[in-house]
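Comments concern the structure below.
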Amino acid sequence: MVAATDLSLRHAQGEVFQSDARFRVLVAGRRFGKSYLSCIELLRGAINKPGETFFYCAPTYRMAKDIAWKTIKQLIPQAWIKSKNESDLKIELRNGSLIELKGTENAMALRGRSLSGCVLDEAAFMDAGVWFEVLRPALADKQGWALFISTPEGTASWFYDLWCYAGETEHGWKRWSYTTIDGGNVPPEEVEAARSQLDPRTFRQEFEASFENLSGLVAINFSESNITPTAEDIPKLPLWVGLDFNVDNMSAVCGVRVGDELHIFKEILMVNATTWDMADELVHHFSLERRIDVCPDPTGAARKTAGVGLTDHAILRKAGLRVSTPKSPWKIRDKVNCVNTAILDSTGARRLKIHPSCRETIKSLRTLVYDQSGLPNKKLGVDHMFDALGYLCLMKFNLNKSGKPGGTDFRVW
């Protein structure tokens, strides 16, 4: 039936189409042909599985209609169509299959459906709950497939996390990245004309499918060179722990100094936890027979996260841990500079090494950006591990000789 429609795909699109992976993630530049590929995928699914339901999802109803409705109607021969609903953007084929176009601005309205396949077009611009809370459960009973297609939207997004996950696992996931030129729909001279009119980061994001942080990364020089499986614990060395106090997402990074390098080999993330819980976890995992130096948020000398009369620092000491902290909070710029110097110093040396299993720490370094006031953006929810690492670096691995604790207009937690 597909052959009868005389459909064709360009090479890059065909690479994605021919894959048998259940979950596929495609990052592509503008005018690559993402939506055309989406419609063909839906048509193939509807043909191969009679009587089943398939969704095309866009960030809004209007986008779904403008991007894909006309294309999907042109692809399907009229003889194959049993019914068509223009207002609901729904086509029923004569074999009983349904293809429905949906906007995800009201994702809860999509709940309760059973799907055999779905396409998330411009997935980076949807809320994470669309996939994790609505569409992924809808695919479960039929073991349905999903195709994620999007231009990038920075690294501080759920779609970037999904992109990374697809590259790290071999269990039913696969990913691709193609530029606008790879799609074959836009002449190279047009792309070059756009290059001259856009700033470099915007051009890389929109035409070269690069994940860019347009507002400025905090860990500006962090790269894959800082991630290595050789960053492992050496039990005979003192353990250094950077700790950021929070009732929700209490965060810690654990490391050792190996020569002139800091190796972060473990991270601890605790939700709805107290300082007692974190202290117990450290003692249970590493034992007090080993020297454990905890470098916490300096404000913990006065704060009582546990709410039991003792300060956070006092709780750590009572649990048998050593506490290394200045008397006054660090300046935010000192913390940022200290971490960045460990990542890449002026000689070109990368002295901070992080084990790949420390996913939240790596995510924090990859995605934390500055807000409009010039401070690390805490609204993104990825700052806790950076702060924990910063406290450790400031106390134990401060390569900036001028970096000293002192007063600040901002509290660092």
Side-chain angles (χ1 to χ4, degrees), residues 231 233-257 262-332 334-335 338-339 342 352 354-355 357-358 360-361 364 376 378 381-398 403-408 410-413:
D233 188 17
I234 301 178
K236 67 180 181 180
L237 296 177
L239 175 69
W240 293 349
V241 179
L243 176 58
D244 183 42
F245 298 113
N246 285 283
V247 174
D248 188 8
N249 285 9
M250 184 172 291
S251 306
V253 294
C254 305
V256 292
R257 178 163 187 159
L262 174 60
H263 289 194
I264 302 298
F265 61 88
K266 179 179 176 62
E267 63 184 16
I268 303 173
L269 183 68
M270 305 185 77
V271 179
N272 294 325
T274 68
T275 308
W276 283 113
D277 296 325
M278 178 60 74
D280 288 344
E281 175 65 20
L282 290 171
V283 171
H284 173 75
H285 191 85
F286 295 104
S287 169
L288 289 179
E289 295 181 1
R290 180 179 186 178
R291 173 168 177 157
I292 303 176
D293 287 349
V294 181
C295 307
D297 177 352
T299 61
R303 297 172 63 198
K304 301 177 181 178
T305 302
V308 293
L310 295 175
T311 67
D312 292 318
H313 289 187
I315 291 172
L316 295 174
R317 292 189 177 97
K318 194 173 182 63
L321 305 172
R322 298 171 181 261
V323 176
S324 299
T325 182
K327 294 182 179 179
S328 302
W330 299 93
K331 293 180 180 179
I332 293 176
D334 288 342
K335 179 172 58 177
C338 187
V339 173
L352 175 64
I354 302 178
H355 195 275
S357 63
C358 300
E360 292 301 317
T361 306
S364 182
K378 295 186 174 296
V382 295
D383 57 297
H384 300 309
M385 285 300 183
F386 183 93
D387 287 342
L389 177 61
Y391 301 139
L392 190 159
C393 287
L394 283 163
M395 286 304 303
K396 297 293 188 179
F397 202 71
N398 195 341
K404 299 178 181 179
T408 175
F410 303 98
R411 300 183 70 188
V412 283
W413 67 80

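Note that the structure is a prediction, hence the values are computed from the model and not measured.
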May I ask you to test the [X]-[Y] pair for a side-chain heavy-atom distance under 4.5 Å?
{"X": "L262", "Y": "L392", "value": "yes"}
{"X": "H355", "Y": "K266", "value": "no"}
{"X": "L243", "Y": "Y391", "value": "no"}
{"X": "I268", "Y": "M278", "value": "yes"}

Would a distance-only check, ignoring hydrogens and angles, find a side-chain to backbone donor-acceptor pair under 3.5 Å from T275 to I315?
no
Walk me through whether D233 and F286 qualify under side-chain contact (heavy atoms from CB on, under 4.5 Å).
CA-CA 11 Å; D233 188 17; F286 295 104; 4.2 Å; yes
Does the side chain of T311 pick up a donor-acceptor pair with the side chain of H313 at under 3.5 Å?
no
Atom of [X], atom of [Y] and distance for their closest heavy-atom approach:
{"X": "L321", "Y": "V283", "value": "CD2-CG2, 4.0 Å"}
{"X": "V241", "Y": "C254", "value": "CG2-SG, 4.2 Å"}
{"X": "G390", "Y": "V339", "value": "CA-CG2, 3.6 Å"}
{"X": "A279", "Y": "L316", "value": "CB-CD2, 4.3 Å"}

Gap separating the [atom1] atom of [X] from the [atom2] atom of [Y], nearest 0.5 angstrom:
{"X": "H263", "Y": "R257", "atom1": "NE2", "atom2": "CZ", "answer": "10.5 Å"}
{"X": "S251", "Y": "D297", "atom1": "OG", "atom2": "CG", "answer": "11.5 Å"}
{"X": "L237", "Y": "R290", "atom1": "CG", "atom2": "CZ", "answer": "7.0 Å"}
{"X": "F397", "Y": "I264", "atom1": "CZ", "atom2": "CD1", "answer": "9.5 Å"}
{"X": "L239", "Y": "I234", "atom1": "CG", "atom2": "CD1", "answer": "12.0 Å"}
{"X": "K335", "Y": "K331", "atom1": "NZ", "atom2": "NZ", "answer": "14.5 Å"}

Apply side chain to side chain contact (heavy atoms under 4.5 Å, CB included) to [X] and list each qualifying residue two or more places apart in sequence or on a separate chain.
{"X": "T361", "answer": "V253, E267, I354, C358, L365, M385"}
{"X": "S324", "answer": "D293, C295, M395, K396"}
{"X": "D277", "answer": "M270, A273, T274"}

For a side-chain contact (heavy atoms from CB on, under 4.5 Å) check, start with the C-alpha distance between R322 and I292, then their side-chain angles and the critical distance, and finish with the verdict.
CA-CA 6 Å; R322 298 171 181 261; I292 303 176; over 6 Å; no
Are any of the side-chain nitrogens in K378 or D387 under 4.0 Å away from the carboxylate oxygens of its partner?
yes
Check this for me, if you would: do D312 and R317 make a salt bridge, where the nitrogen-to-carboxylate-oxygen distance has to be below 4.0 angstrom?
no
Residue pair D244, H384: steps toward the side-chain hydrogen bond (donor to acceptor under 3.5 Å, both in side chains) verdict
CA-CA 6 Å; D244 183 42; H384 300 309; 3.1 Å; yes
